[in-house]
Amino acid sequence: MTRAAATASPAERTLDQMDAMRRGFSLRRMRLWLFCALILAFYAVSWNLAGIDLSKLATGLPKLGRWIASAWPPDLTELPLFALRTAETVAMAALGTTFATLLAIPMAILASRNITPWPALYYPVRWFLNALRGIDSFVFALLFVAAVGLGPFAGVLGIALHTWGSMAKFFADHMENVHLGPFDAVRTTGAGRFTTIAYALVPDVLPVMLSTTLFWWEFNVRASTVLGVVGAGGIGQELKNSMDLLDFPRLFTIIAMILVVVMALDQLSGWLRKKLV
Amino acid sequence: MNQQPHIPPAPLAVRMTASGVTKRFDGRAAIEDVSFSVDAGEFVAVLGPSGAGKTTLFRCLTGLLAPDAGAVRIGGVDIAAVKGRARRRVAVVFQQFNLVSRLTALDNVLAGRLGHVPAWRGLLRRFSRADRLLALECLDRVGLLDKALQRADTLSGGQQQRCAIARALAQRPDLIVADEPVASLDPAASAGVLELLRGIARSEGVGIVCSLHQVPYARAYADRIVGLSHGRLVTDVPAARFDEAAFAALYGAEAGAGKF
């Protein structure tokens, strides 16, 4: 490919420029390498901090295998108790999620830049929601067990607070991205702000809200199985007891029970959500 | 048909022949017995009211739908029968441009080479110097050489459509199918895009089939106008001979009143 620069076509000149830019030592390339090095370092440090030790896994796995073997046949004598405890867990999740939804709707409106009636509150509300979201229901439950005592009520409060933050943020993000054309159209008819929200936004957002609520309920059932571990009621409590006593047949039954219920709920909520959307 | 003075790079030839193309959905014919052809360097506009079957026809032309009867032959090959890279014979320009918004204009145009190069080059986005040169030449052809490294979503609508045309060109197709390419553009950008398409037909000897909603555009830029109505080809005339009667036959007498 021999050609004088003068006879090169504009496209050829551009290509040569681009190739020249790519070659050699440039600030851009240095930044890229630096970035890659940082990522590598991040993973190296994480690996160390997480105490990854494959030899421990190698010795631990057979132990786990023996436990699983000793779990058969499962112990079914306490099935009614487990059923009650599981129902407790599902109820905790349902109530917590419902309270969270009710609280999340007004907060979501305040936390949507495009529709909030009080823009001054936008950032405080967002910070508040982020704080709720940042603290896991598990941690909230721990606090409430200390405050209101052992039992599912502490679990409900824990779930409600964390889900409130997460859901309101999700709703708000959704509403900020919603197509505002219909909203503007209804507003120009002379309707008030809340009427406009109810008339133009709610029909659009409601199915998403219901579907998210179902999703969170299902998620919270799974999450609240462990709440019992901190004394916040439900099947998690039995789970912890069995583990403490190394009673594997009992443990097996509990885990199987949780699996069945979670899968059934998953199907139910999936079916309901499909109906909604 | 079009005997304008220009130097076709290939001898004047038929680029696309649709013969008796019929496509039914649930027994109802969306298009029935549609036959027309496109010569090299010819710009054919397809007109017709919404629901006349333009979309179905275009999907048959691009090989995305196989006709129930008849065939679309492009460069002598039945386009419904070929798969994969042989599809590159037909390039498509869409109403909504369909550029990959996070890629540069150049990378978008290079997509036109994917039917020509080994898969790994596409996966790694590593194209040969010759391909990149061709892509830049295509960008130059549509007047976007200086935007080569700009992200596609930072281009204006008209520029995006030009970039999409460059992508079609880089495919080195026999036929460019443009599905309402100016429906989302302002009049100035529309005129520019249609001017460009006609120029490309002339200089590259590509056949162009272009659906339009505005009759004046079709009359101004196309060599020939074919009209679809209720799935049937009711008009096939040189653009200059598309008159009030042809308009009325296509869109109904009332719609045509006072348009000419």
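For the numbers below, each heavy atom of this structure counts, side chains included, while hydrogens, waters and symmetry mates do not. Computed from a predicted model, the values in this text were never measured in an experiment.
- When the shell of 6.0 Å around CZ of B:F25 is examined, it contains more than 12 heavy atoms from other residues, nucleotides or ligands.
- Looking at residues two or more places apart in sequence or on another chain, you find a side chain to side chain donor-acceptor pair (under 3.5 Å) between B:E180 and B:H213.
- Residue contact with chain A, scored on non-hydrogen atoms closer than 4.5 Å, involves the side chain of B:L106 exclusively.
- Within a 6.0 Å radius of CZ in A:F170, no more than 12 heavy atoms belonging to other residues, nucleotides or ligands are found.
- Other residues, nucleotides and ligands contribute over 12 non-hydrogen atoms within 6.0 Å of the CZ atom of B:R121.
- Sparse packing is recorded around OH of A:Y199, with 12 or fewer heavy atoms of other residues, nucleotides or ligands lying under 6.0 Å away.
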Check the pair A:E12 / B:L136 against side chain to side chain contact (heavy atoms under 4.5 Å, CB included), numbers first and verdict last. CA-CA 8 Å; A:E12 266 173 310; B:L136 285 169; over 6 Å; no
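- Applying the side chain to side chain donor-acceptor pair (under 3.5 Å) criterion to A:S224, with sequence neighbours excluded, gives no partner residue.
- B:R24 is linked by a salt bridge (Lys or Arg N to Asp or Glu O under 4.0 Å) to nothing, counting only residues two or more places apart in sequence or in another chain.
- Proximity to chain A at a heavy-atom threshold of 4.5 Å picks out B:D140, B:L145, B:L149 from residues 139-173 of chain B, in numerical order.
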Criterion side chain to side chain contact (heavy atoms under 4.5 Å, CB included) on A:D16 and B:R129, from CA distance to verdict: CA-CA 10 Å; A:D16 287 339; B:R129 190 186 156 81; 3.1 Å; yes
